[in-house]
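Here the structure is a predicted model, which means the values were calculated and not measured. We're numbering straight along the sequence, starting at 1.
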Amino acid sequence: MNRRLTAAFAALEALLVVGIGIGLPLAVLTLMWALQFGFQLDWLVFWRAAVDVWLIGHGVDVRIALDPAAGVQLGVVLEPFPITLALLGGAVLTAGAGVVLGGRLREQPHRGLGTGIAVAGVVLLSWLATTSAQHPVAQADVTQGTVFPAAVFALGLLVGLLMAEARSATRGPGATGAAARRSPADGRLAAARATLDATAASTRRRVERGAQAVRDRIDDLPRGLLGALAAGWRAGLGAVVSVVVAASVLTTAALVVSYGQVIALYESVQAEVLGGVALTVGQLLLVPTAVLWSFSWLIGPGFALGTGSSVSALGTTVGPLPAIPLLGAIPAAGEGPGFVVLLVPVLLAFVAGLAVRPRLVAELPAGAPWRRWALAAAVLAALIAGLLAAGLAAIAAGSAGPGRLEQIGPDGVAVGLWMLAETFVGVLLGLLAGGVRVPFAGRGEHPATETESRSGAAAETAGSPAAPAPARSSAAPTDRPAFRMPDRPAPLAPAAPLAPASPPRPAPAAAPAAPPAPAPASPADPAHPRTEPPRDR
C-alpha cells in the first residue's frame with residue numbers, strides 16, 4: 001500500500017477501535033431506551049453512560065455527583081464520590097485491536113506513518129468522546145480520558161509489531177513488505193514526500209546506531225552476568241504469567257462451582273430481559289478484573305470488597321455487597337484453605353527456574369561460580385515478578401462507590417512483596433535443582449573431546465577419514481574383513497592334480513604362495529570387478 005492507503009487504513013482502524021468500544025454498551029442501552037423506557041428519556045443520557053463505561057474500562061476516573069434532593073428523600077447524605085475501579089474488559093478489547101493492527105502494519109512499507117496516524121486518531125476520538133459525555137452528574141477526567149485509551153492501544157500496537165517482527169525473523173528475509181513497490185513522488189506532494197523520507201531515514205539511522213551502541217555495551221559485559229540477566233527476566237516474567245493463567249482457571253472453576261449462587265443473585269435483581277443483558281455485559285467487562293483478584297488471592301494477601309473486608313486464602317470476611325451475580329463466586333465467610341495455596345506460585349516459580357536453568361548454565365564459562373550467578377538470577381527474577389505483580393494488583397484496585405465501597409481490590413504493595421518472596425524461593429530452587437552441572441555445560445572443560453568431535457564432524461562432511469591418518473589407516477584393514485568375500489584361492493584347490501603333467505621343477509615350490517598375493521586387489525574389494533583367475537588346461 002502507498003502512503004494514502006496506509007493513512008486511510010490506520011485512521012479507519014482507530015475509528016473502529018473507539019467505535020466498537022463505545023458501541024457495545026451503547027447498543028444495549030439504546031435497546032433499553034427504545035423498548036423499556038419507550039423513547040421517553042433523552043437518548044444523550046444513554047450516550048453519556050456508554051462513554052463513561054468505556055472510559056472506566058480504561059482506568060479513567062469518573063466523578064459522580066448525585067442529586068441532593070434524592071438523598072433527602074432517601075434519608076442519606078449523597079456526597080460526590082469518584083469511581084476509579086477499572087472494568088478491564090474494555091482495555092483488553094482495545095489492546096487486542098492494537099495487537100491485530102500491529103501485525104498488519106508490520107507487512108507494510110509505511111508502518112511508521114500508519115502507527116502514528118492510528119494512535120493520533122485514537123487520541124482525537126477519545127478526546128471528542130470524553131468532552132461530549134461531560135455532565136454535572138458524571139464528569140470524567142478529560143486528560144485521562146484522552147491519554148489512557150490511546151496508551152492502551154499503543155501498548156497493544158507495540159506488542160503486535162514485536163510479535164510480527166519475531167515471526168518475520170523466523171521466516172527469514174523477504175517475508176515482509178518492506179521492499180514493496182513505491183509510487184514515484186510527483187506533483188505538489190513531491191517535496192513533502194522527500195522531506196518525510198529524509199526524516200524517516202535519518203531517524204532510522206539514529207535508532208540503529210543507538211541500538212548497536214547498546215548491543216556493544218551489553219556484549220562487553222561478563223558472560224556470567226549476561227546469563228544471569230537473561231535467565232532472571234525470563235524466569236520472573238514466566239512466573240507472573242503462569243500465576244495469571246492459574247488465576248483465570250481458578251476464576252472459571254469458582255463460577256462453575258458457585259453456579260447456583262450466581263443464578264440466585266440474578267433472580268434477586270428482578271431485572272427484565274434487557275436489564276439482564278445489560279448486567280451481563282457489565283459483568284463481562286469486570287471478568288479480567290476478577291481474574292486479577294484471584295491472582296492476588298493465590299499469591300496470599302487476597303483482596304478487599306469494601307472497607308474492613310478481606311478475601312484471602314486464610315479466611316473470608318465480607319460485609320454487605322451489591323447484588324452483582326459475579327460476586328456469588330466469592331468464598332463463603334469463614335476459614336480458607338490456608339497457606340497450602342501459597343504452594344501454587346512457589347511451584348510455578350520453580351518450574352520457571354527449571355525452564356531457564358539450561359540457558360544460564362550454557363552461558364557460564366568453565367570454572368564460574370555457579371551458585372553465585374544462580375542467586376543473582378533468582379534475585380533479578382524476584383524483583384521483576386514483584387514489580388509486575390504490584391502493578392497488576394494496583395490496576396485491579398480502586399473505588400466503586402461511596403462509603404464502604406471506596407476500597408475495592410488488592411493492596412499492590414502487599415501483593416508485590418509476597419510475590420517477590422515466593423518467586424525468589426521457587427526460582428532459586430529451580431536453578432539449583434539437578435546439581436551444579438548439566439551434560440552440555442562443560443564443553444569448555446574438555447577441549448580434547450570438543451576438538452575430536454569437531455574433527456569427526458568435519459571428516460563426515462568432507463567424506464574423508466578423520467584427522468590422525470596413521471592410527472585410522474592401521475585400524476581400517478582390521479574392520480574391513482567383516483565385509484570381505486571369501487578368498488579366491490580356495491576354489492583353485494581342485495586344479496592341483498594337473499600339476500604333475502609337466503615335469504617337476506624346483507621353481508614351482510613358490511607357486512602356491514603366489515595366489516594369496518593378489519588378495520587385497522581381488523574381487524573382495526567391491527570397487528573392483530570380479531574376474532576369474534586363469535586356470536591351467
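- Residue Ile324 holds its CD1 atom at 10.5 Å from OH of Tyr266, rounded to the nearest 0.5 Å.
- Taking CH2 of Trp233 as the start and CG of Leu237 as the end, the distance is 6.0 Å to the nearest 0.5 Å.
- The closest donor-acceptor contact from the side chain of Arg357 to the backbone of Ala433 lies under 3.5 Å.
- Between the side chains of Ser312 and Trp297, no donor-acceptor pair is found at a separation under 3.5 Å.
- Residues Leu158 and Thr115 have side chains not in contact (no heavy-atom distance under 4.5 Å, counting atoms from C-beta outward).
- Side-chain N or O atoms of Thr131 include one that pairs as donor or acceptor with a backbone N or O of Leu128 at under 3.5 Å.
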side-chain contact (heavy atoms from CB on, under 4.5 Å) between Ile56 and Val60, worked out: CA-CA 5 Å; Ile56 291 174; Val60 178; over 6 Å; no
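- The two residues Pro331 and Val311 make their nearest non-hydrogen contact at CD-CG1, 4.2 Å.
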Worked verdict on Trp47 versus Ser132 for side chain to side chain donor-acceptor pair (under 3.5 Å): CA-CA 9 Å; Trp47 162 259; Ser132 66; 3.3 Å; yes
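- Distance check: Leu157 CG to Thr94 OG1 gives 12.5 Å after rounding to the nearest 0.5 Å.
- Atom CZ of Phe39 is surrounded by more than 12 heavy atoms from other residues, nucleotides or ligands within 6.0 Å.
- Residues meeting the side chain to side chain contact (heavy atoms under 4.5 Å, CB included) test with Arg48, sequence neighbours left out: Leu44, Val45, Ala133, His135.
- Checking Trp43, Trp33, Trp54 one by one against Leu26, the side chain to side chain contact (heavy atoms under 4.5 Å, CB included) holds for a single residue, Trp43.
- The closest donor-acceptor contact from the side chain of Gln139 to the backbone of Arg63 lies at 3.5 Å or more, if one exists at all.
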Intermediate values then yes/no, side-chain contact (heavy atoms from CB on, under 4.5 Å), Leu87 and His58: CA-CA 7 Å; Leu87 304 177; His58 293 83; over 6 Å; no
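- Looking only at distances, no side-chain donor or acceptor of Thr423 sits under 3.5 Å from a matching main-chain atom of Leu420.
- Proximity of a side-chain donor or acceptor of Thr130 to a complementary backbone N or O of Trp127 within less than 3.5 Å is not detected.
- Ser126 places no side-chain N or O within 3.5 Å of a backbone atom of Val123 that could act as its donor or acceptor partner.
- Atoms OG1 and CG, on Thr143 and Asp61 in that order, are 11.0 Å from each other to the nearest 0.5 Å.
- Two residues are said to be in side-chain contact when any heavy atoms from C-beta on lie closer than 4.5 Å; Val249 and Thr252 fail this criterion.
- Considering CZ of Arg404 and OG1 of Thr307, their distance stands at 7.0 Å, rounded to 0.5 Å.
- Atom CG of Leu286 is separated from atom CG of Leu88 by 8.5 Å, given to the nearest 0.5 angstrom.
- For the ring pair (Phe, Tyr, Trp, His ring centres under 6.0 Å) test, residues two or more places apart in sequence or in another chain that qualify with Trp293 are Phe303.
- Glu13 places no side-chain N or O within donor-acceptor distance of the main-chain N or O of Leu101, the cut-off being under 3.5 Å.
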Thr251 and Ser294: CA distance, side-chain angles, deciding distance, side chain to side chain donor-acceptor pair (under 3.5 Å) verdict: CA-CA 6 Å; Thr251 304; Ser294 300; 2.8 Å; yes
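- In terms of modelled atom types and a separation under 3.5 Å, the side chain of Glu422 and the main chain of Leu342 share no donor-acceptor contact.
- The backbone N or O of Gly114 lies less than 3.5 Å from no partner atom in the side chain of Thr6, so there is not a single donor-acceptor pair.
- Using a 4.5 Å heavy-atom threshold, the side chains of Ser309 and Thr317 count as separate.
- In this structure, the side chain of Thr84 engages the main chain of Ser399 through a donor-acceptor pair within 3.5 Å.
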